[in-house]
S.K.: 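Dropping the structure in here first, questions after.
Bear in mind that the values here come from a model prediction, so they are computed numbers and not experimental data. In this chain, numbering begins with 1 at the start of the sequence shown. Heavy atoms only: backbone and side chains are in, while hydrogens, waters and symmetry mates are out.
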Amino acid sequence: MKFSYKFSNLLGTIYRRGNVLFTPDGNSIITPVGNRLTLYDLKNNKARTLSLASNYNYRSLALSPDGSLLLAVNENHEAQLISMVSCTVIHTHKFQHDVRCVVFSPSGAHFAVAMQNLVFIFKAPGELTGEYNPFVLERHFLGGFDDVTYLDWSTDSRFLIVGCRDNSTKVISIYFMKHFRTFVLGGHTDSIVACFFENNSLDANTLSRNGQLCLWECSRDMSSIERVEEHERQQYLSYMTKKRLKAAKKVADDSEEEEDDVENTLEKRNPTAEELLQAGKVVDDNEVEDEDIKRGHPFYYKKLGRYYLADDPRKEKYDAVLTAAHYNRKTKIMVVGFSTGAFYLYELPEVNMIHSLSISDYAISAALFNNTGDWVALASRELGQLLVWEWQSEQYIMKQQGHSSEMTCISYSPDGQYIATGGEDSKVKLWNTQSGFCFVTFSEHSSGVTDLQFSRSKKFLVSSSLDGTVRAFDINRYRNFRTFTSPRVVQFSSVAVDYSDELVAAGGQDVFEIYLWSIKMGTLLEVISGHEGPVCCIAFSPVPTSSTLVSGSWDKTIKVWNCLESKSEHETIDVLSDVTSVAFSPNGENVAVATLNGNICVFDVKTATQISTIEGINDLNSGRLETDVITAKQNKKGKYFSSIEYSVDGECILAAGNSNVICIYHVKEAMLLKKFEITQNKSFDGLNEFINRRYMTEFGNMALVEQREELEGGNVAIRLPGVQKGDMAARNFKPEMKVFSVKFSPTGQSFAAACTEGLCIYSLDKGVVFDPLDLSLEVTPKAIKESLKEKDFSKALIMALKLNETNMINLALESIPYIDIQLICSTLPDHLAHRLLQVIARQLQTSPHIEFYLKWSCSLLLTHGNRDGVFQHASLLSLHESLSRKYETLNRICDFNKYTMRVLLNTAKNQYSKNPQLKDASSDQEMNEGEGNDDDDDDGLLLIRSKSNDKAEFEEDDSSEDDDDDDDDDDE
């Protein structure tokens, strides 16, 4: 078995916190999902999570105009400069304070960073600026008297509008400008949420938290404001420096001691923005301090109007506030989102409402237009929801939402194409492993989902819940077609389906019994009793000739039942601790049991003898929670495996539990083969082994001190004692990192883990792994090339498939003549034919030799497709997907060519109708050419015709044109 698994994708987590970004082409959207970044390709309907990660959750994102650089800032004030070409971190920079927002200039030469009430202008690295040192500070400004909340650049990248929490907005320039001064816009009665420039203008729009919209008109055009030469700037700076020194000297004469105290204070600690301004370190060249000059200055703003956008949402909820907004300069459309979950579209400057829609009952955290203004992206932090709305056609381009609480269980479909997830939010979701999107959500359960299992036929899915029901969902029709209940109310903790898909069993959590139903009839067949504790896990034998059922309980036993033959007769196997999970081996002979003491025991089902014991408690990483009063060493004694799964070949066991690691063990040797660490995200609790001494005071651990709001009984920032699966109270705490369930893909190429972070998919790294098949000494690249020279194509292809190198397989394939494909396919063994079909499916996605690979596909399917077990379902699906994409691409090209030719023919027809002389001249020329070249009469347009018996459209058009021409000749 191969262990080179690598993180490939993150499902189940759509959006966490922060702003979202559209790529420059407007076809993809980038969202922060905790300490990772996910790229949603809206055109090809695919989701991809970047392999890089941060140590804390991302808060602010900014993308360069060309889409090559991404700037991401996390909760710990750490900024990462990421190359979107190679998906690697180029540089890391640590800021001193929390970064509110980051914005690239439209030219791509600068980016602005807002930190507290300061704005920093950095040079963007790249060819445009000629600067390759990242984070080179060029200017810094004072934004306001409170924190900066929003930044926006003008279209020429010379001016910046800064919105602050002190209800003011400031317009600044990054250069010293003529006929310009730094201007402050007021008039709002609440903090600024967003502020925008108009297109190719300095006219501004400002939005505050209470829904007030102010429109501002600038007195100067952008083109009339010019940059001042360097020598004039130096003269002005020397004049202003002398003036400030005189003022400072006058103040120093009045209070000399206070000045000394201020200097000593500045030396000992980091100065605030006000102290930097007083010390002359934050200087704005465009600031005009003289009141007389201000009155006669040609640069000023005039308020055109004030509008109250919160009137409509406050009709439904009186305390609604504006939480997000964005403005598209080209279309002059503004989107505003409110805390009620409603968003509105307005057309400026008339402020006419175009559209309104409510997406949820929770606040909209982020709103964003794409470049063309056709799509608007909306995100909600509480629900983890992200949707892209096309407002003109009123359609969803994308609507995705993860589980609003913890994901508790997962199950792979038999072909590995789908993953089903169940959560504490009582929902069951189906995810496509290829696209990464959720395509259906079942919400029939009224309480948390505890277990899931797909049927062998992939026709339905069974789930158990704490609401006392077991439900069967139709995968094809997306409906709940069976609901299984018990004679009395039972909270079901586990569920299993037998090999024949005829029986379903569920174990009770509060009633210590197992219930057996018939799926076809929907009736309860039997109630199996015998356990003395909650039945936490059950599993049917994966062998078609067996009806063996194994159940594990907290009574420190597992029981082996024969459901059909002996009814309640069973064999009891004692273990040393409470059972947490059981798993059958693929051959059905052994069963693995995970217990509360951190061990995994393997038993023979027939003889009930123990084969091996894996002591895994030392392999689980220990961490200390912020509120723990015991050390990490003592905390490690409570670690255990809560989910185990056999590999496809049955040689290894995948195990995970209440820790941030996943372990792979060898069953016979009882040894650890590999350990995967899920995350290093310190925004989760339980990853640090020691508590930071800065949080330890004379009163004890500061994390144990309740931090309440102003009113007594408000939200508490400390978890409820004893809560394991999720605090349902209105509390704000750091979630603990756990792994709830792990499953291997039926193909063995990947495995999935449901954890606090989401659904993590780990796949084999095919670029690094050398994975030969039946390799021998004579199978070498040199031997393959020599066989191709000797035209022994069958031998060369078989050796290339055994070597399993993509380049050599492509070389051997494309060297084979077209007429020999059918013969070579008939000589291939079945196991190599399957591998060849996988290669062809991948090649069809990128290769221009479409007909060549179509011939290979048809020959393989005709030769080997009539035998069972040769081709796996996943390979056939991959081939079908590649062919569908090629068909769509060719269809688009043919349509484009068809309509282009029609336009050309119509244009020629119109020209002939306007100029009859031109037509006569062309006909004479055709007659002359026809006399000289009789062989060219058969040359014509090659058209793609449909399979129907109807004539092609071009033929009809040509015939109609000929008829029209004959009519014209008759008229003449």
S.K.: Have Y327 and E198 got a donor and an acceptor in their side chains that come within less than 3.5 Å?
M.R.: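 On atom types as modelled, these side chains qualify, holding a pair under 3.5 Å.
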
S.K.: Would you tell me whether T189 and Q212 have side-chain atoms, one donor and one acceptor, within less than 3.5 Å of each other?
M.R.: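 A pair is found: one side chain offers a donor N or O, the other an acceptor, under 3.5 Å apart.
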
S.K.: Working to the nearest 0.5 Å, report the span between OH of Y396 and CG of L387.
M.R.: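 Here the rounded value is 5.5 Å.
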
S.K.: Classify the ring geometry of W375 against F22: parallel below 30°, tilted from 30° to 60°, perpendicular beyond 60°.
M.R.: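 The arrangement is tilted - the two ring planes meet at 30° to 60°.
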
S.K.: Hey, is the main chain of L151 close enough, under 3.5 Å, to the side chain of R100 for a donor-acceptor pair?
M.R.: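 It does not hold such a pair.
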
S.K.: What is the distance from atom OG of S360 to atom CD of Q401, rounded to the nearest 0.5 Å?
M.R.: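 Answer rounded to 0.5 Å: 8.0 Å.
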
S.K.: Step through the shown structure and confirm whether more than 12 heavy atoms of other residues, nucleotides or ligands are within 6.0 Å of CG on D361.
M.R.: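 Open.
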
S.K.: Please step through side-chain contact (heavy atoms from CB on, under 4.5 Å) for the pair H97 and H77, ending with a clear verdict.
M.R.: CA-CA 6 Å; H97 302 284; H77 331 314; 5.7 Å; no

S.K.: Can you see which heavy atom on K317 is nearest to which on T340, and at what distance?
M.R.: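 For K317 versus T340, the nearest heavy atoms are CB-CG2, 3.8 Å.
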
S.K.: Which of these, F299, F183, F197, F180, sits in a ring-ring contact (aromatic ring centres under 6.0 Å, His included) with F159?
M.R.: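 The residue from F299, F183, F197, F180 that satisfies ring-ring contact (aromatic ring centres under 6.0 Å, His included) with F159 turns out to be F180.
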
S.K.: In terms of the angle between their ring planes, are F135 and F122 parallel, tilted or perpendicular, with boundaries placed at 30° and 60°?
M.R.: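 Ring orientation of F135 relative to F122: perpendicular.
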
S.K.: For the residue pair H326 and F369, categorise the inter-ring angle as parallel (less than 30°), tilted (30 to 60°) or perpendicular (more than 60°).
M.R.: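 The arrangement is tilted - the two ring planes meet at 30° to 60°.
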
S.K.: Under the 3.5 angstrom rule, does the side chain of N117 hit a backbone N or O of F145 as a donor-acceptor pair?
M.R.: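 Not at all, since once roles are kept as given, no pair shorter than 3.5 Å links the two residues.
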
S.K.: How about E75 and S683: does a side-chain donor come under 3.5 Å of a side-chain acceptor?
M.R.: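 There is such a pair between these side chains.
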
S.K.: Is the shortest side-chain heavy-atom distance between L142 and L118 below 4.5 Å?
M.R.: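 A side-chain contact exists here, since the closest heavy-atom pair is under 4.5 Å.
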
S.K.: Indicate yes or no for a side-chain donor-acceptor contact from D25 to the backbone of N27 under 3.5 Å, with no hydrogens or angles considered.
M.R.: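 Such a contact is found between D25 side chain and N27 backbone.
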
S.K.: Can you measure from CG (D312) to OH (Y344) and round to the nearest 0.5 angstrom?
M.R.: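 These two atoms lie 5.0 Å from each other.
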
S.K.: Could you give the distance from CG (N328) to CE (M334), rounded to the nearest 0.5 Å?
M.R.: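 Nearest 0.5 Å value for the CG-CE distance: 11.0 Å.
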
